[in-house]
Asks: 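Take a look at this one; I'll ask things after.
Counting convention: from 1, in listed order, for ligands and their atoms alike.
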Amino acid sequence: METKIHVLPEELCNKIAAGEVVERPSSVVKELLENSLDAGASNILIELEAGGKRLIRITDNGCGMNRQDAFLSFERHATSKIRTDADLFALKTLGFRGEALASIASVSRLRLRTCDNDDGLGQQIYAEGGKIKKVDELGLPQGTVVEVRNLFFNLPARKKFLRKEQTELGHAADVVTKQAMANPTVSIRLKHNDRMMLDLRREKGVRERVAALLGRSVLHDLLPVDLQNENGLQLSGLISHPQLTRSATSHIYTFINGRYIRDRVVQHAVMDGYRHLLMKGRYPVVVLFIQIDPAQVDVNVHPTKHEVRFREQSMVHDFIAKSLQQTLRPAEWLGNTPDTRIENYSAEPRNQPVSSDSEIPADNSIRESSGHYSQYTDNQQDNYSSSESIEPQQDKFYNSLLRSVQRVDVEQYSLPGSEAEGFFTRLQILGQYHQSYILCQDSADLVLIDQHAAHERVGFEKLRHAYTIGTIPSQTLLFPEVLELDFNSATALGDNQHELENLGFEIEPFGGKSFALKAIPQLLGNRDAARLVVDVALELERIGRTGQLRESIDEILILMACHSVIRANQALEPVEIKALFKELDQIDFKANCPHGRPVMQRMTLIEVERLFRRK
Ligand code: ADP
Ligand code: MG
């Protein structure tokens with residue numbers, strides 16, 4: 001009888017397995033780098049050509065392999081790292097499945113050179129599409145060189161999905177960065193087309209390595225964490241003071257037992273640690289190493305091992321969250337006994353406890369809940385967020401803008417009716433002060449105008465007007481920009497394509513999680529457009545779920561206006577000042593005044609005279 005089911009040939013199996021672990025050059029870099037680290041290398045060189053599409057070569061000085069092992073390493077499910085299923089729960093290595101080399105070999109032209117230095121003789125094996133073609137014995141230094149050429153040469157459909165050189169290089173650099181953080185004592189270099197992109201020498205510890213990777217300047221704003229609990233859970237690393245933030249979660253690096261992970265429970269716990277401390281849409285810089293008994297965590301749940309499963313999820317979550325809270329707000333913890341400290345803290349309103357799979361909020365809702373908690377309202381401000389002086393320059397403007405949405409100050413903002421028409425144009429311009437304020441005279445009064453606030457205000461009003469009448473003018477980009485997005489951003493963009501069009505963005509799906517940005521609102525003048533469209537999409541996604549688009553559209557328009565304005569500390573020519581004033585005159589300040597950072601301040605002659613004790 002003929003059967004419908006048949007066992008696949010090994011070659012095809014390997015290709016299928018490759019599909020799981022080998023998505024693009026960076027996946028190869030990840031697997032090979034892990035192998036070098038597992039081999040105990042102290043020196044690793046990664047060389048790429050054409051973003052890794054043409055060549056990936058990794059050279060290490062690790063333990064190397066003998067002749068037999070070199071052959072075995074090409075076999076699927078051949079590993080030196082585990083023997084029994086019990087070993088799966090006591091993992092000390094990054095690899096354990098024994099399929100990476102076989103998978104990579106099956107979709108490339110691979111040359112392995114390795115020597116374990118027992119007899120000084122090394123092995124060279126060349127394979128094409130997983131088939132061994134040539135074997136040589138030759139003198140080699142101890143260690144291993146794996147060379148992967150023409151990735152996906154035999155899988156054209158896959159190959160088509162590879163992006164341009166720079167994008168692929170970016171992904172690879174990302175992988176290297178993460179591994180480098182977790183292995184500060186290993187010297188790691190990344191070369192691209194013969195240019196050294198990363199040259200990391202051996203460091204004493206994480207702090208120095210983080211400085212080398214993220215820039216020495218961030219160090220000032222990083223607080224050390226080093227704590228452990230009674231269950232043997234250990235937490236160490238660096239977390240940013242709330243004044244140092246990023247617009248995405250991409251600077252949250254978390255590791256479990258030395259393995260980089262991107263886990264929802266951990267991510268949520270980190271954001272919970274920062275609850276109340278960050279502006280909506282802002283994320284910390286975090287490099288956090290979690291050491292846990294390997295029996296307490298299953299890393300074998302995902303092909304890339306980026307997700308894990310904890311045996312005691314809520315214990316891990318709460319420990320991380322509390323440790324971060326404690327590090328970020330030491331003052332609140334002083335003078336209490338250890339026990340009451342914890343209780344005091346738990347008594348606060350908190351995000352939903354994460355205790356079972358169904359309760360783990362998706363990444364988006366993490367964003368949402370943290371956003372919710374960190375939103376500014378006057379009675380909800382805490383020590384950090386109310387202190388303007390500690391906010392970094394770049395966030396200050398945006399923060400005050402958001403704050404102003406909630407603190408309406410009509411008095412300060414509205415202009416006397418008679419002056420509404422042509423008021424600004426009629427001002428006598430005296431000059432610019434500190435490259436930020438325009439000094440003017442209005443009859444006998446001194447008028448100061450915050451150029452920054454004024455520009456932003458004009459931008460916002462223009463956008464809002466255009467949005468109301470249904471046409472935000474957009475400008476087609478000469479070269480569409482391809483956005484490679486993470487899952488959440490891609491979903492947000494896809495879901496809100498229509499609304500984004502109303503806002504002046506034109507985007508088109510570009511395969512997978514990529515989009516082509518083809519047009520942007522004219523007002524933006526190309527500034528940060530890619531970042532902005534993603535921010536806007538995520539904001540739309542967040543609002544979408546609460547069904548309050550109409551009420552929240554101002555916030556989105558503010559976000560956009562924010563990107564379009566002239567920053568402070570910029571010299572303005574008299575013509576530019578006049579143009580700005582003309583635009584200010586076109587805005588109907590009185591009719592709609594939802595947000596109140598003052599654009600203008602006035603000092604009467606009497607007030608000035610009083611300053612000089614003349615009256
Ligand atoms: P895994 O890492 O899961 O064991 P791989 O397919 O990545 O599976 O590697 C198979 C085996 O080849 C490893 O278990 C290891 O013994 C050996 N190996 C791979 N790369 C290296 C290397 N750079 N140095 C020494 N041994 C290596
Ligand atoms: Mg491996």
Asks: With a 6.0 Å cut-off on the ring centroids, do F255 and Y260 count as close?
Replies: yes

Asks: Under a plain distance cut-off of 3.5 Å, with no hydrogens placed, do Y126 and Q124 share a side-chain donor-acceptor pair?
Replies: no

Asks: Going from CZ on R111 to CZ on R149, what distance comes out if it is rounded to the nearest 0.5 angstrom?
Replies: 7.0 Å

Asks: Looking only at the side chains, is there a donor atom on one of R311 and Q296 sitting less than 3.5 Å from an acceptor on the other?
Replies: no

Asks: Might you confirm whether atom CZ of F510 has over 12 heavy atoms from other residues, nucleotides or ligands at distances under 6.0 Å?
Replies: no

Asks: Checking Y253 now: which residues fulfil ring-ring contact (aromatic ring centres under 6.0 Å, His included) with it, not counting sequence neighbours?
Replies: none

Asks: May I ask you to list the protein N, O or S atoms found at less than 2.8 Å from the Mg ion (ligand 2)?
Replies: N35 OD1

Asks: With sequence neighbours excluded, tell me which residues meet side chain to side chain contact (heavy atoms under 4.5 Å, CB included) with E75.
Replies: L72, A78

Asks: Check ligand 1 for N or O atoms under 3.5 Å from a protein N or O and list each pair with its distance.
Replies:
residue	atom	partner	partner atom	Å
ligand 1	2 (O)	N35	OD1	2.9
ligand 1	2 (O)	K81	NZ	2.6
ligand 1	3 (O)	F96	N	2.9
ligand 1	3 (O)	R97	N	3.0
ligand 1	3 (O)	G98	N	2.7
ligand 1	4 (O)	T79	OG1	2.5
ligand 1	6 (O)	A100	N	3.2
ligand 1	6 (O)	L101	N	2.9
ligand 1	7 (O)	N35	OD1	3.0
ligand 1	7 (O)	N35	ND2	2.8
ligand 1	8 (O)	G98	N	3.4
ligand 1	14 (O)	T79	OG1	3.3
ligand 1	14 (O)	S80	N	3.0
ligand 1	14 (O)	S80	OG	3.1
ligand 1	16 (O)	S80	OG	2.5
ligand 1	20 (N)	N35	ND2	3.4
ligand 1	23 (N)	D60	OD2	2.9
ligand 1	24 (N)	T144	OG1	3.2

Asks: Can a salt bridge be assigned to the pair R57 and E147 using a cut-off of 4.0 Å between side-chain N and carboxylate O?
Replies: yes

Asks: Could you verify whether a donor N or O on one side chain and an acceptor N or O on the other, from N43 and S187, lie under 3.5 Å apart?
Replies: yes

